[in-house]
Participant: 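I have a structure I would like to understand better, so I am pasting it below and will then ask my questions one at a time.
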Amino acid sequence: MAGKGRGIAAFTFNIEALGITRGSMPEAQRGPTPLFPQIEYKPGPLKAGEDEDYMRALKQEMRGRMKDLPFNIKPHSGKSDVERYKDKYTREIKKIEDGNWTPDWNRLPKELKPQRNIIKKKMDFKKFKEMSKKDKEDMLSKLDELDKRGDGKSDEEDEAKGEKKGDGEEEEIEGNFEEEELEEDNDYIANYFEDGDDFGAGSDDNMDEATY
Amino acid sequence: MQMTAQEERLCGLLLQEHFGEVVEKVGTHLLRSGVLNLRALVHETKLPLDLVKKSVCVLVQQGMCSFSAGRRGPGAPVEYQICCEKVLHMLRYPHYIYTAKSLYGDTGELIVEEILQRGQMTMSNTVSTVADRLTHNMPEGQCMDYSEVVTAFSRLVETHFLQRSPSVTPAGSSTSGGADSNPPAVTQPIQAETHPDCYKLPYINISGKGKRRRSDDGDADQSTAKKAKTDNSEFGDEGIYWQVNFERFHLHFRDQAIVSAVVSKLDQTSSEIVRTMLRMSEVTTPANAAFTQALSANEIFRALPSTYNIARPILDQYLTLLVDDPMEFVGRTGDSGGGMFVVNLHRALANLARATLESVVQERFGSRSARIFRLLLRKRHLEQKQVEDFAMVPAKEAKDMLYTLLSENLVQLQEIPKTPDHAPSRTFYLYTVNQLPTARLLLQHCYKTVGNLIERRLYETKENKRLLEKSQRIEAILASLQATGAEAEQLTEVEEMITAPERQQLESLRHHINKLDSSENQVDETIFLIESYIKSTKSSR
């Protein structure tokens, strides 16, 4: 029963009850309403007075002021540019307090505190450096043992230890520590010479062999 | 908490304006998702972790974001939630500041301004900062003493315009009361009011005067040394933070709206009587109450300000006038003490909201459409024919107007079937207006309007960016030249760097921006009224 007359509007209720006759229907919409339609009745004027002016000035001042407060967080700029000479003075004149705000950490969840190790990639270094003294000694003695057994194994053990002794950072720890980094850190560090006896002895012992 | 698209858009614009696009992104994602933990937030915003952390810190500091222990039990990550209402309050900051000025002078004004800008502050920090600012504006040689600022601060606290920030439990979730060991459900808003020491001023050992900020470097070192002295731990109120009590300001605004409505409808004396009644009930009436406590005519007579020397019988006449007025501002609830009277807070708000709706219809669709609208508000349900007759509008035009109002959703059609089979020929079709949903609709329009105003302002600023920057640079040059005592010729030479047409363009731009800013403030007044009405209706149900 829908659309009995093709193209002719057919309503499911008696249109006369609403007082509308067929002829008085408004035109069908052609497309969406305009973005800025014509308004029949112009809007009234704004209230104007001392109060309104003062509040407007307050608003504008606050807007300007908020841009200079440390709460206005700027995105990381691409490359860290050299700080311009004038910036230091512009900042002082405009009373910009950039990034000098330290929140009261007692009132915030601990996870919001910035991590000490900001540079992610070099975290491997820091892990090694922050090991406690005792751990260091353990590691060194183990290294000594393993040194005698062979290089390959020692690297893996160090990796495992390094992961356990990490700070428990949320970021994923890189699986394979670079061999270079490992050696760089330990290069010329005491353990190289702690085994001075062995090392020195070794070379001394082999002195009778020809050296090239 | 459900948010509409317009509310979300407006919140985003406000966050961006005050805190930049990074915080805006973080805030908007939090608003949309409801509740998020830090990791999820980083994942959704795709921003670097440190920026997200900073943004959350800012939002919490500003009282717009709350956090609580994860819902999935201990060990679950902390969850964050944004309060949309608090973000929207930023629109009203000028009004809060101006009110503080009218009540407590420049000192009060600066106190509220500082606390609003920084979200929360200790009393000592506020006092020293405000003293410095006031000193800066005073003539050379004069200083603002801390004690005066302390007085103003205390008065703001006593009258509850400032309150202590809610405490934070050691577990790391913000709760409303110190004694409560169970973190509240995430959906509950933080109620600072439940803190027992909410309005208790700490004893602080603070004395001194504001420091004048000097532009020459000689005192720069001195001032940094002095700055170190204003460290909070010196004054004994470390950890005690104060924030603006928005609800208290809103009660004040509501009272003001009622009083000014009485002035326009009746006269000055009637409004003074109502103002007195409201003042007397300030501390005894709970927020969102439908009416004030009952006051006797005797009490009101005694409490009238001394400048209003009206005789007792005259007061009775005025009270009768107020009670009889169709706006129903005042109601009579008893006969003892010369008659017991209340201010009908909810009725007053409802009537103010109704007047606003009617005014909107009139301004947009003309006075005859407004007449039809008013009719339907009053008579509830009317048939087509009845509308034509009562409104005294010819049939064809009435239909046109009704159709327009219908398409704008300001008027609804309701079917009342006469027979169980809902046959169209035997069904009443009634036009109706329901005030509450219509008010909600208008409120959404208001949010959209403010959003549009902001966007337009940003557009205007962007279009003229080059010119604005040039103008700012020239102002800076002029300022520094003047400071070093340049001659008039040099100054005019610099001024002429801006051509006459450029000057005109700048003037025109400033005029537009002023208009847009002022419009925002004034639309917010309507927003406040409608929001108050909706809240009052919800709590009186």
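Keep in mind it's a predicted model, so treat the numbers as computed, not measured. Computed from heavy atoms alone, side chains included, the values below leave out hydrogens, waters and symmetry copies. Naming convention: chains lettered A, B, ... in sequence-line order (proteins, then strands); numbering from 1 in each chain.
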Participant: Name all residues meeting the ring-ring contact (aromatic ring centres under 6.0 Å, His included) criterion together with B:Phe19; count only those two or more places apart in sequence or in a different chain, and write none if there are none.
Facilitator: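 None.
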
Participant: Sort B:Gln16 into side chain, backbone, both or neither according to what part of it lies under 4.5 angstrom from a heavy atom of chain A.
Facilitator: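 The answer is neither part of B:Gln16.
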
Participant: Can you tell me if B:Gln414 has over 12 outside heavy atoms packed within less than 6.0 Å of its CD?
Facilitator: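 Count over threshold, so yes.
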
Participant: Considering only heavy atoms from C-beta outward, does the side chain of B:Arg118 approach that of A:Leu69 to under 4.5 Å?
Facilitator: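 B:Arg118 vs A:Leu69: side chains touch.
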
Participant: Hey, could you give me the CG/CG distance between B:Leu49 and A:Leu112, rounded to the nearest 0.5 Å?
Facilitator: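 Result: 9.5 Å between the selected atoms.
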
Participant: Could you check which of A:Met55, A:Lys113, A:Lys42, A:Glu40 has the highest count of heavy-atom pairs closer than 4.5 Å to chain B?
Facilitator: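 That would be A:Met55.
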
Participant: What is the minimum heavy-atom distance between A:Lys74 and B:Val22, and which atoms define it?
Facilitator: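 Scanning both residues, the minimum pair turns out to be C-CG2, 4.0 Å.
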
Participant: Is B:Asp517 close to chain A through its backbone or its side chain, or both, or neither, when contacts mean heavy atoms under 4.5 Å?
Facilitator: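 The answer is both parts of B:Asp517.
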
Participant: Chain B contacts: which residues in residues 45-54 of chain A have a non-hydrogen atom closer than 4.5 Å to it?
Facilitator: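 From residues 45-54 of chain A, the residues near chain B are A:Leu46, A:Lys47, A:Asp51, A:Glu52, A:Tyr54.
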
Participant: Is there a donor-acceptor contact under 3.5 Å linking the side chains of A:Arg56 and B:Asn514?
Facilitator: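 Per modelled atom types, A:Arg56 and B:Asn514 side chains form a pair under 3.5 Å.
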
Participant: Mind ranking B:Lys101, B:Lys385, B:Glu21 by heavy-atom pairs under 4.5 Å with chain A and telling me who comes out on top?
Facilitator: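 Ranked by contacts with chain A, first place is B:Lys101.
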
Participant: Kindly indicate, with the supporting measurements, whether the criterion side chain to side chain contact (heavy atoms under 4.5 Å, CB included) is fulfilled by A:Tyr41 and B:Gln362.
Facilitator: CA-CA 9 Å; A:Tyr41 301 91; B:Gln362 174 158 316; over 6 Å; no

Participant: Heavy-atom pairs under 4.5 Å with chain A: which of B:Leu402, B:Leu51, B:Val23 has the most?
Facilitator: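 The candidate making the most pairs under 4.5 Å is B:Leu51.
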
Participant: Search all heavy atoms of A:Asp104 against all heavy atoms of B:Gly239 and return the closest pair with its distance.
Facilitator: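 Closest pair (atom of A:Asp104, atom of B:Gly239, distance): OD2-CA, 4.3 Å.
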
Participant: What part of B:Arg457 is in contact with chain A, defined as an atom under 4.5 angstrom from a non-hydrogen atom: side chain, backbone, both or neither?
Facilitator: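 Only the side chain of B:Arg457 comes within 4.5 Å of chain A.
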
Participant: Find the one option among B:Ala476, B:Pro94, B:Gly119, B:Ser518 whose heavy-atom pairs under 4.5 Å with chain A are most numerous.
Facilitator: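 Top count of heavy-atom pairs under 4.5 Å with chain A: B:Pro94.
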
Participant: Kindly check if the number of other-residue, nucleotide or ligand heavy atoms within 6.0 Å of NZ (B:Lys418) is above 12?
Facilitator: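 Yes, because the 6.0 Å sphere around NZ of B:Lys418 holds more than 12 heavy atoms from other groups.
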
Participant: At their closest point, which heavy atom of B:Tyr80 faces which heavy atom of A:Glu111, and how far apart are they?
Facilitator: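 For B:Tyr80 versus A:Glu111, the nearest heavy atoms are OH-OE2, 2.6 Å.
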
Participant: Quick one: pull up CD1 in A:Ile73 and NZ in B:Lys25 and give me the separation to the nearest 0.5 Å.
Facilitator: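 Going from the CD1 atom of A:Ile73 to the NZ atom of B:Lys25 covers 14.0 Å.
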
Participant: Test side chain to side chain contact (heavy atoms under 4.5 Å, CB included) on B:Met90 and A:Met66 and set out the steps.
Facilitator: CA-CA 12 Å; B:Met90 288 202 277; A:Met66 293 297 281; 5.8 Å; no

Participant: Which residues pass the salt bridge (charged side-chain N to carboxylate O under 4.0 Å, His left out) test with B:Lys515, not counting sequence neighbours?
Facilitator: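 Checked B:Lys515 against salt bridge (charged side-chain N to carboxylate O under 4.0 Å, His left out); zero matches.
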
Participant: If I take atom CG from residue A:Asn72 and atom CD from residue B:Glu17, how far apart are they, to the nearest 0.5 angstrom?
Facilitator: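 Atom-to-atom, A:Asn72:CG and B:Glu17:CD are 10.5 Å apart.
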
Participant: So which residue, B:Gly20, B:Cys57, B:Pro48, ends up with the most heavy-atom pairs under 4.5 Å with chain A?
Facilitator: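 Greatest number of close heavy-atom pairs with chain A: B:Cys57.
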
Participant: Please state whether the side chain, the backbone, both or neither of B:Leu91 comes within less than 4.5 Å of a heavy atom of chain A.
Facilitator: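 Looking at B:Leu91, nothing touches chain A.
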
Participant: Given a strict heavy-atom distance threshold of 4.5 Å, which part of B:Gln522 is in contact with chain A: side chain, backbone, both, or neither?
Facilitator: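 Only the side chain of B:Gln522 comes within 4.5 Å of chain A.
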
Participant: Roughly how far, to the nearest 0.5 Å, is NZ of A:Lys59 from CG of B:Asp524?
Facilitator: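 B:Asp524 atom CG to A:Lys59 atom NZ measures 9.5 Å (nearest 0.5 Å).
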
Participant: Only pairs at least two apart or in different chains count here, so list each side chain to side chain donor-acceptor pair (under 3.5 Å) that has a residue in residues 53-64 of chain B.
Facilitator: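 Every candidate side chain to side chain donor-acceptor pair (under 3.5 Å) pair involving residues 53-64 of chain B fails, so no pair, neighbours aside, qualifies.
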
Participant: Top residue by heavy-atom pair count (under 4.5 Å) with chain A, among B:Phe428, B:Phe365, B:Tyr93?
Facilitator: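 Most pairs with chain A among the choices: B:Phe365.
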
Participant: Heavy atoms only: give me the nearest A:Met62-B:Glu113 pair and the separation to one decimal.
Facilitator: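 Where A:Met62 meets B:Glu113 most closely, the heavy atoms are CE-O, 4.2 Å.
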
Participant: For the CD atom of B:Glu238 and the CG atom of A:Asn106, what is their distance to the nearest 0.5 Å?
Facilitator: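 The distance works out to 8.0 Å.
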
